[in-house]
Amino acid sequence: MASGEASAAQVAQAHLDRIAAVDGEVGAFLHVDPETVLAQARAIDERRAAGEELGPLAGVPIAHKDVFTTTDMPTTAGSKILEGWRPPYDATVTARLRAAGLVILGKTNMDEFAMGSSTENSAYRTTRNPWDLSRIPGGSSGGSSAAVAAFEAPLATGTDTGGSIRQPAAVTGIVGMKPTYGGSSRYGLIAFASSLDTPGPFARNVLDAALLQEAFSGHDPMDSTSVDQPVPAVVEAARRADVAGMTVGVVKEFSGDGYQPGVAARFAETVALLESLGAKVVEVSCPNFTYALPAYYLIAPSECSSNLARFDAMRFGLRVGDDGARSAEEVMALTRAEGFGPEVKRRIMLGTYALSSGYYDAYYGKAQQVRTLITRDFDAAFEQVDVLISPTTPTTAFPIGERADDPMAMYLADLCTIPSNLAGNAAISVPCGLSDDGLPVGLQIMAPALADDRVYRAAAAVEGALEDRWGGPLLAQAPDLAGGAK
Ligand code: GLN
């Protein structure tokens, strides 16, 4: 676009055509309005024609997770309780996408209030994995991962509270990054668990992810937990792409039994690859990581039970049974009973219980102590190593429906990703090959808080070496969708 080869309007139209051709099968989007998309693109073309200096992503289309508020599009967080709601303001991430000149193609499907690992908890539609339409695209940001993997958008936003960017990226063969907590603003992000929620990028390669992260990161006075420091030089790090001299720690607790053989095999090969690229690889024990999942499933539901109290039938979206005769409490109860899905109700009940008087110390308090121990495990590990690695997920994409009635099996998808959320550090998932079932496997690379650049540097090195081996990006091996060639 910068060289005049194509206009932003042409690029936008090509992506709208692709969405029209394949999204019936994939189901990535909840909302696309072609007129709004083309108007954004034309505005960029006019600014470029007027000689304005535009940023590197100006005119690039992006799919936006439906958890960020947008004044010109509905925002549902995948929940029926927000059906029909129009936010009065843009999230900071949304505003920064617009300021960078990105063209927002639409809002993507997600697990209701970002609770889930398969996008099956959406109140609206099923999203399918472009590698195999009978399988899940991961979650909770499954609409975003599917959109990027299906070539409906080159970039997408997500949020990662326990793995919701890295896990969907891993199972769809793309790159997904959870920045340092506080590195990207939560203002206008519909809250699930405020001490964990982190906006981040999805892209088809590491450099694109870095460009997007840079575009929406940085201090925001509207978010009290926003980090007031310069954004790490992630783009420069992604271009540097080298691990020579780095010490890489393999997390012992995440490299034993219980992993799908194809996942374990690709991980082991990637460890060998890192050595061949000049990294020193050592095994590191983080004993408290074993307790991350149970601690998360007390902390996240506790915060959710508080955050979701605002959906009281008075302020947003759905209102059920307001016939003039019922009390406000009755209308609230009816609305919440109908507006929330089963997983959201389960979390609200779990969290309310964990926070209740007499149980608080035994559950929520204990989980917070475990959280501190996990952070200390990271601190000790990062005294010995520059980055830690593990498989992103224990298995590849599972069939739609397989874990829908088994919450424990669903929760296990985030076994390896949750520690970084509890500690607030930076972590990425980058494709590292296909399992025996022909489905993508992700490598997770973790670094200390504020060392996002280190994650990108290592991820870009792995990506470069693997693409040399494969003769191109992993996504080039994805099957064609009925809607046409990639
Ligand atoms: N799958 C995890 C959960 O259900 C993580 C979700 C997320 O990161 N938003 O809570």
Side-chain angles (χ1 to χ4, degrees), residues 65-68 77-79 93 108-122 127 136-145 156-172 176-179 181 184 186 189-202 292-305 307-308 340-351 354 367 371 392-395 397-398 402-429 442 444 446:
K65 188 177 181 180
D66 201 27
V67 75
F68 294 100
S79 181
V93 168
T108 57
N109 198 20
M110 56 182 281
D111 285 303
E112 185 176 6
F113 289 107
M115 297 171 199
S117 300
S118 66
T119 312
E120 291 167 291
N121 295 336
S122 165
T127 302
I136 58 103
S140 64
S141 319
S144 287
S145 62
T157 59
T159 56
D160 195 312
T161 303
S164 282
I165 293 175
R166 289 161 288 159
Q167 182 260 5
V171 301
T172 56
M177 169 79 176
K178 184 198 93 67
Y181 176 79
S184 46
R186 291 183 296 106
L189 156 63
I190 296 173
F192 162 14
S194 307
S195 78
L196 302 161
D197 296 343
T198 311
F202 285 101
L293 196 74
Y296 171 88
Y297 276 100
L298 289 166
I299 294 167
S302 295
E303 294 186 21
C304 125
S305 71
N307 271 325
L308 271 56
F340 289 140
E343 183 61 27
V344 172
K345 287 177 183 161
R346 178 181 296 125
R347 307 263 180 126
I348 292 173
M349 286 189 280
L350 264 173
R371 184 175 189 174
T392 307
T393 57
T395 69
F398 44 88
E402 191 186 78
R403 300 189 192 178
D405 300 321
D406 185 351
M408 265 309 288
M410 191 69 86
Y411 297 171
L412 281 167
D414 294 309
L415 185 71
C416 307
T417 47
I418 281 174
S420 294
N421 296 86
L422 292 174
N425 54 298
I428 203 167
S429 180
Q444 178 177 226
M446 301 165 267

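Excluded from the calculations below are hydrogen atoms, water molecules and symmetry mates; all remaining heavy atoms, backbone and side chain alike, are included. Counting starts at 1 for both ligands and their atoms, in listed order. These numbers were taken from a predicted model, which means no experiment stands behind them.
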Any side-chain donor paired with an acceptor under 3.5 Å for Ser117 and Asp414?
-> yes

Using a strict cut-off of 4.0 Å, indicate which atoms of ligand 1 neighbour a heavy atom of Ser117.
-> 1 (N)

Ligand 1 atoms nearer than 4.0 angstrom to some heavy atom of Ala114 are 6 (C), 7 (C), 9 (N)

Consider every N or O of Gly139 and every N or O of ligand 1, then say whether any pair is closer than 3.5 Å.
-> no

Does ligand 1 have a heavy atom under 4.0 Å from the side chain of Tyr296, from its backbone, from both, or from neither?
-> side chain

Specify side chain, backbone, both or neither for Arg347, according to which of its non-hydrogen atoms lie closer than 4.0 Å to ligand 1.
-> side chain

Does the Thr119 side chain pair with the main chain of Gly138, one donor and one acceptor, at a distance under 3.5 Å?
-> yes

N/O donor-acceptor pair under 3.5 Å between Arg166 side chain and Thr417 backbone = yes

Within the 4.0 Å heavy-atom cut-off, what Asp414 brings close to ligand 1 is side chain

Does ligand 1 have an atom that lies less than 4.0 angstrom from a heavy atom of Ala300?
-> no

Does ligand 1 have an atom under 4.0 Å from some heavy atom of Tyr297?
-> yes

Specify the closest pair of heavy atoms between Ile418 and Leu293, including all atoms of both residues, with the distance to one decimal.
-> CD1-CD1, 3.4 Å

Should the pair Tyr297 and Tyr411 be assigned to parallel (<30°), tilted (30 to 60°) or perpendicular (>60°) ring geometry?
-> parallel

So which protein heavy atom does atom 6 (C) of ligand 1 come closest to, and at what separation?
-> Ser164 OG, 2.8 Å

Is it the case that Ser141 and Lys65 place a side-chain donor and acceptor less than 3.5 Å from each other?
-> yes

Interfacing atoms of ligand 1 (cut-off 4.0 Å, heavy-atom, Ser140) | 9 (N)

What atoms of ligand 1 come closer than 4.0 angstrom to any heavy atom of Met115?
-> 4 (O)

Considering distance alone, does some N or O of Phe192 sit under 3.5 Å from an N or O of ligand 1?
-> no

Grab the two heavy atoms, one from Thr392 and one from Cys416, that are nearest each other, plus how far apart they are.
-> O-CB, 3.6 Å

Decide whether Ser194 and Glu303 meet the rule of one side-chain donor and one side-chain acceptor closer than 3.5 Å.
-> no

